[in-house]
J.: 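My questions all concern the structure below.
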Amino acid sequence: MKYFLNKNFLLNNQTAETLFHSVASSLPLIDYHNHLNPQHLAENKQFETIAELWVTGDPYKHRTMRINGIPENGITGNAPDKEKFLNWVKTFPKTMGNPLFHWTCLELKEIFDVDELLSEKNAEAIWTHCNVKLHGNGFRAIDLLRKWNAETVCTSDDLLDDLEPHQVATNLNLGLTVLPSLRSDSMIAFETPGFKGWLSKLSQTVGLEITSLNLYKEALLSKLDKFDLAGCRLADHSLDGGFVFDFSEDTNPDELFARLISGTTLPAKEIVILKTHIMVFLGLEYGKRNWVMQLHIGAQRYTSSRLRKLVGPAGGFATIGQSCDIAGLSAYLDALDLKANLPKTILYTLNPADNAPLATLTGSFSQDGIAGKIQFGPAWWYNDHYDGMKKQITTLANHGLLSHFIGMTTDSRSILSFSRHQYFRRLLCNIIGEWVENGHLPNDYELLNQLVADISYNNSKKLIGI
Ligand SMILES: [Zn+2]
């Protein structure tokens with residue numbers, strides 16, 4: 001029997017151990033997509049309690065606490081933070097088999113030197129131990145990221161967000177580069193009640209009265225240029241369950257936009273046509289700026305309207321939506337490719353049924369001289385666990401070139417979630433180690449070391465051009 005969480009955790013053979021300890025473990029992290037709060041980084045925030053850092057803002061934990069029957073007030077409601085922490089402690093032992101169990105142990109061990117298993121018996125002692133550390137030296141926001149060896153992080157920012165905090169955080173010179181990346185959803189959220197207000201704020205910030213589709217595009221371009229100047233290298237669209245493209249040319253998008261801003265409620269089909277038009281416009285603009293376009297495909301965020309009302313749209317109650325419209329997605333990439341401005345693209349799926357189609361799409365839009373232009377992104381959200389990561393890696397290896405894979409990103413709101421990079425690297429080394437030990441790959445460390453270093457670090461660095 002192997003000991004739980006020892007230095008060879010998840011490393012089940014000698015080759016895996018060698019690859020992890022001699023190559024993967026010491027490489028810096030580039031987290032090219034996450035939802036960290038840039039203001040926390042700019043002020044190098046000191047967290048009051050382990051609950052604030054670890055529990056109150058983590059929808060992954062909230063979800064399992066609800067499944068465990070904890071009342072909502074003790075998860076996201078008015079209960080004191082300590083009570084929420086204790087509710088997480090009650091839930092933690094029930095998460096065996098879920099990645100949260102491993103992440104929790106890794107985060108307490110690696111950052112706070114807690115070797116004991118979290119339980120109701122030691123909860124009080126661990127609460128005090130972690131809080132004392134958080135108030136001491138070397139446990140502020142950026143310090144914590146540096147403990148994970150984070151080198152560059154790219155946050156997700158709305159077109160109207162302030163990009164100053166990123167620069168301020170980088171200028172602290174604490175060894176971390178913080179870059180904005182563009183969360184593009186609001187630009188095509190035509191059907192939502194908030195779009196009109198968002199549009200009028202855009203008008204104000206760019207000093208342009210947006211009365212037509214052309215002026216809307218002009219305003220978008222001016223903001224895209226500001227993002228580019230601030231170091232943005234990636235954009236990100238969430239294409240939720242059932243997202244479709246419609247390239248119909250019999251409807252004039254200028255007219256659709258004019259009707260939309262005059263207050264008309266457009267039928268669903270016309271909304272799709274307008275979205276497709278702007279998605280093509282944006283994709284080409286990303287390409288011109290040499291940005292990376294990320295498409296997060298397949299979340300079903302409309303489930304419980306009760307919870308949506310109570311805790312907001314990203315409260316940890318979404319599910320996996322239907323599989324992707326592969327024909328529409330291909331047509332979209334093709335439309336950009338035909339205009340010679342298809343950006344480097346990362347395709348993520350929440351529905352594992354899309355793994356093979358997206359892994360094969362990495363070979364459909366290659367470009368002369370550019371390695372790994374279309375990426376099948378790392379296992380995302382509900383796939384971010386031992387089996388899901390393994391499936392993503394092996395599917396990509398079977399259908400594409402694993403050597404060009406850009407590796408892990410956390411997509412997380414929590415600084416402690418950077419444990420997932422270590423988890424990923426251990427698993428990656430284990431898979432490669434198994435191939436070697438089974439005689440499926442040569443025992444050639446020059447080749448193997450390069451493969452591990454490229455996936456863990458070099459490829460993501462190259463992809464975003466830093
Ligand atoms: Zn995200």
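Whatever order the structure lists ligands and atoms in, that order sets their numbers, starting from 1.
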J.: Indicate the atoms forming the closest heavy-atom contact of Met279 with Leu295, along with that distance.
T.: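 Smallest heavy-atom distance, with atoms named: CE-CD2, 4.2 Å.
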J.: Which heavy-atom pair separates Thr319 from Leu350 by the least distance, and what is that distance?
T.: O-CD2, 3.9 Å
J.: Applying salt bridge (Lys or Arg N to Asp or Glu O under 4.0 Å), name anything that partners Asp240, two or more places apart in sequence or on another chain.
T.: Arg301
J.: Only counting residues at least two apart or in another chain, list the ones meeting salt bridge (Lys or Arg N to Asp or Glu O under 4.0 Å) with Asp334.
T.: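 Per chain and number, Asp334 pairs via salt bridge (Lys or Arg N to Asp or Glu O under 4.0 Å) with no residue.
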J.: For the Zn ion (ligand 1), which protein N/O/S atoms fall under 2.8 Å? Skip waters.
T.: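 Less than 2.8 Å away from the Zn ion (ligand 1) sit His33 NE2, His35 NE2, Asp411 OD1.
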J.: Any salt bridge between Arg289 and Asp225, counting N to O under 4.0 Å?
T.: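 A salt bridge is present here (some side-chain N lies under 4.0 Å from a carboxylate O).
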J.: Using the salt bridge (Lys or Arg N to Asp or Glu O under 4.0 Å) criterion, which residues pair with Asp236? Sequence neighbours excluded.
T.: Arg183
